[in-house]
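Lettering of chains follows the sequences in order, A, B, ..., and the numbering in each one begins at 1.
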Amino acid sequence: MTLDQLPKDRPAVIRSIEGERSPVVLRLMEMGMVRGAPVSVRKRAPLGGPLELRVRDYVLSIRAADAKRFVVEVAE
Amino acid sequence: MTGAVVALAGNPNSGKTTLFNKLTGLSQRVGNYPGITVERRLARANFGEDIVLVDLPGTYSLAAQSKDEAIAFEVITGRTDDPAPTLTVIVVDASNLDRNLYLALSILELGRPCLVALNMTDAAKEAGRPVDADRLAEQLGVPVVPIVAKKGEGIDRLTAAIQSALADLPAPYARAWRLDDGEEAKIAALAEKAGHDGIALWAIASLATTSPADVPVVEAQLVAAAREHVALADAIIEKRYEVASALAVASIDRGAGEATSRSDRIDAVLLHPVLGIFAFVGVMAIVFQSIFAWAEPLMDLIEAGVGAVQGLVTETLPEGAIRDLLVDGVVGGVGNVIVFVPQIAILFLFIAVLEDSGYLARAAFISDRLMARVGLHGRAFVPLMSGFACAVPAIMAARSIESPKDRLVTILVTPLISCSARLPVYILIISALFASDETILGVFSVGGLLMLLMYFLSVVFTVGVAFAFKRTMLKSPTPPLVLELPPYRAPEPMAVARRVYERCKVFIRDAGTIILACSIVLWALVYFPREPDMEGFSPYAEAVKLRDATKAAMFTARTQKQRAEIQERSERAFERLRQRSAEKRLEKSYAGRIGHAMEPVIAPLGYDWKIGIGLLASFAAREVFVSTMGLVFGAGEDVDEEDATLRDRIASEYTPLVGLSLMIFFLLAAQCMSTIAVVKRETGSWRWPIFMLVYMNVLAWIAALIVFQGGKLLGFT
Ligand SMILES: Nc1nc2c(ncn2[C@@H]2O[C@H](COP(=O)(O)OP(=O)(O)O)[C@@H](O)[C@H]2O)c(=O)[nH]1
């Protein structure tokens, strides 16, 4: 499943990052969204608005279209 | 050793500015790096006379994705005009260790002498995850000093550590991770060309993106070589994060509880789908109201003060051109500069409070969906909204927008927003040329509707032009929303005060000089020549005639009452004469000649040379149009938009269609030298202010032409 589909408040781990390394994707990777990193969705704006994520120890907001590039797996 | 340079590097929100302020006195120098708009902040250290501190832009990485990162890299490695810093202090936020250590590792790997200042140790403790600085130092192999910059805790130990590091530079850091042998061989080959392993890694990460921007002048051959290895970027980033996580795990004493808390509870309200919008609108309303209304009394005070100084100079100096220059050119020009200070101070007071508290990032999050439709970032909202009060502080506020292109688009369209200086002009025109009190449908007054139309059109044009720029000249995709929402924190009054002071200072120093110069030029255009050809009209001869006539009349007067009447009539006649000669003088001044020369250009819009002078003078500030029209129409200089004589004169000379055309022109034209000056300051060159001047005035001319000629075709007059 990709990050934009992750249910709210469900801890997950990034499995892979798809597609080209656009500046946004690279920036997000450098901000800690690499393979193996823990993430969860903290809030989700309706109608495809931005997502609010918890990444490592901080809160980050990104657009759903960018979140699509991150394949995640729910941590048990 | 003279002039050791110590650079401060770190993530945004790591408390870098707070620390910088604690380590320096009041002697901060704020400027720009040559040729670009990244701010350069220098100051002498307060703990050692010969130490200079440089504050680098706060970044998440060094990979050159924007000018901020590029500058941080160039400064640390000594690629700017200045020598490389002797020591780099890396500010690390202890409450957000993984991400902060990632940047720390990227910097350390460049091999320059470094020291870590572990900040926010209080916040880490509070979150139940205190960091053991000694263990971190041991694992990292670099000195680590725990501090709480906000409260000044640990600053003494940090300054001592800086001094001992300067005396005995720490050994270069050795990279703590390795890729597999084949990949390492590639890096080694690249390092040979780059001169250093860390620079090779930096080049790979900088070029890995599909559209690398702002890669600074590193050797072209290095760029070419690094481009072949961009596939390694993923692995480099992952490895660094592995090391960072391991360091964090080793040095954090895990307490009980999750690192959530107060911020989550506040966000439950402020980012709530419904409540959050109300809070947002409320906050924006307060900001808007304050620059619009609360600055007003202060501005009046400044104007009164300027008036008093002008009075004083007039009294003390002998009559002549020098006095007039000082009074109207210099003192008036200085007044034109400082009158902006209240608005700038108040806007930046709010921005500093909102930013330091953490709300500004939330505001951008909330307004992002709206702004993204235009193709702009949520951060453009506050500057654009501030434009309704005044474009000058609004343009300065655009510096919070990261992407240079988007910042430029925002700067270029902000003056299209109908600022408060246009208001007196609208009022004058509407009340003089339209039946403004007449009602439509019983509730709306004509005046109110026209005013509403102006504001509506201003928003339409702003959005439209921004849209057009984003798709053509400054083409760039809708900026990514990668927005850290930092924990809520109480802003520190001293830091807020400093920001406000700094903005005002930069404005007065950089934009103020241009505004002053323009004020003097405009004054001279109206003032000279002193002995114009008045075409047979001689104020002196007229005055003599008047005096003689009065004398003669007085001679024949019998009663006291008659004398008083004659006296009064003669005074009125003198006043009219004064106005007429001022009118004539203005017509014959350089400004008047320019007004005449403008006629062929502005006649198709329905304007004559008188309006031409008004347009020229309104370059000092739009509201000056009103007093200039007063002068042109002989109603005296001290008129305001409510003046009945001026309205009647205007009503007798122009039609409502001219009025509409004029309002549209004012709506769109770049007429304000202060705006131009501040755009020059913020973009660092004359290119963009000149472009703005051209595009806005061409747009204004075309729109006014369409209104006037179209109106005529439709049979309006
Ligand atoms: N709790 C805590 N807050 C701090 C500390 N240092 C700075 N702050 C606050 O963190 C916020 C960001 O600080 P600032 O210096 O502007 O960060 P910069 O973006 O790195 O320049 C401000 O609200 C500061 O008052 C600290 O040691 N502890």
Side-chain angles (χ1 to χ4, degrees), chain A residues 2-4 8-73 75, chain B residues 11 13 60-63 65-66 93 95-100 102-103 106 124 127 129 205 208-213 230-231 233-234 237-242 244-245 248 259-260 263-264 267-268 271-273 361-362 364-366 368-369 372 378 477-487:
Chain A
T2 52
L3 183 54
D4 57 311
K8 201 169 153 247
D9 293 326
R10 185 84 59 84
V13 170
I14 296 174
R15 276 286 149 252
S16 67
I17 301 149
E18 304 295 318
E20 60 176 18
R21 298 294 177 255
S22 63
V24 195
V25 170
L26 202 74
R27 165 60 55 83
L28 291 174
M29 290 174 67
E30 289 208 282
M31 289 176 81
M33 293 182 57
V34 293
R35 271 192 301 164
V39 279
S40 62
V41 174
R42 202 169 166 246
K43 268 206 179 65
R44 169 176 276 124
L47 306 171
L51 295 177
E52 202 194 311
L53 309 175
R54 176 169 284 284
V55 182
R56 294 174 188 266
D57 285 328
Y58 69 99
V59 180
L60 181 68
S61 158
I62 68 174
R63 297 214 178 97
D66 297 320
K68 260 199 177 56
R69 311 283 294 279
F70 293 82
V71 177
V72 296
E73 190 179 282
Chain B
N11 272 207
N13 294 308
Y60 295 110
S61 95
L62 284 187
Q65 283 205 41
S66 79
D93 174 358
S95 66
N96 190 351
L97 214 45
D98 285 18
R99 199 193 67 204
N100 276 261
Y102 174 82
L103 176 70
S106 325
R129 321 185 51 186
T209 142
T210 41
S211 49
V230 292
D234 275 27
I237 297 171
E238 275 171 26
K239 281 288 181 195
R240 277 191 195 138
Y241 263 105
E242 259 172 43
S245 300
T260 63
S263 284
D264 293 331
D267 272 342
L271 292 184
H272 186 277
R362 270 87 179 169
F365 174 74
I366 291 173
D368 184 71
R369 283 219 292 149
T478 297
L481 180 80
V482 175
L483 196 64
E484 184 186 358
L485 303 181

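Only the backbone of B:Leu97 comes within contact range of chain A, with at least one heavy atom under 4.5 Å from a heavy atom of that chain. The parts of A:Ile62 that come within reach of chain B are both its backbone and its side chain, each placing non-hydrogen atoms under 4.5 angstrom from that chain. Using a 4.5 Å cut-off between heavy atoms, B:Ser245 contacts chain A through its side chain alone, with no backbone atom that close. Both the backbone and the side chain of B:Tyr60 come within contact range of chain A, each with at least one heavy atom under 4.5 Å from a heavy atom of that chain.
Checked by atom type and distance alone, the side chain of A:Tyr58 never pairs as donor or acceptor with a backbone atom of B:Pro487 at under 3.5 Å.
More than 12 heavy atoms of other residues, nucleotides or ligands sit less than 6.0 Å from atom CZ of A:Arg15.
In this structure, CZ in A:Arg63 is found 9.5 Å from CG in B:Leu483, a value given to the nearest 0.5 Å.
The nearest pair of heavy atoms linking A:Gly32 to B:Tyr241 is N-OH, 2.9 Å. Scanning both residues, A:Leu26 and B:Ala205, for their nearest heavy atoms gives CD2-O, 3.5 Å. Of all heavy-atom pairs between B:Ser95 and A:Asp57, the closest is O-CB, 3.7 Å.
With contacts defined as side-chain heavy-atom distances shorter than 4.5 Å, the pair B:Asp98/A:Val55 does not qualify. Taking the side chain as every heavy atom from C-beta outward, A:Arg21 and B:Val230 never approach each other to under 4.5 Å.
Electrostatic pairing of B:Asp234 and A:Arg35 does not count as a salt bridge here, judged by no charged N lying under 4.0 Å from a carboxylate O. A salt bridge is absent between A:Lys43 and B:Asp267; no separation between the charged side-chain nitrogens and carboxylate oxygens falls under 4.0 Å.
Comparing A:Val59, A:Leu28, A:Ile17 by how many heavy-atom pairs each has under 4.5 Å with chain B, the most go to A:Val59.
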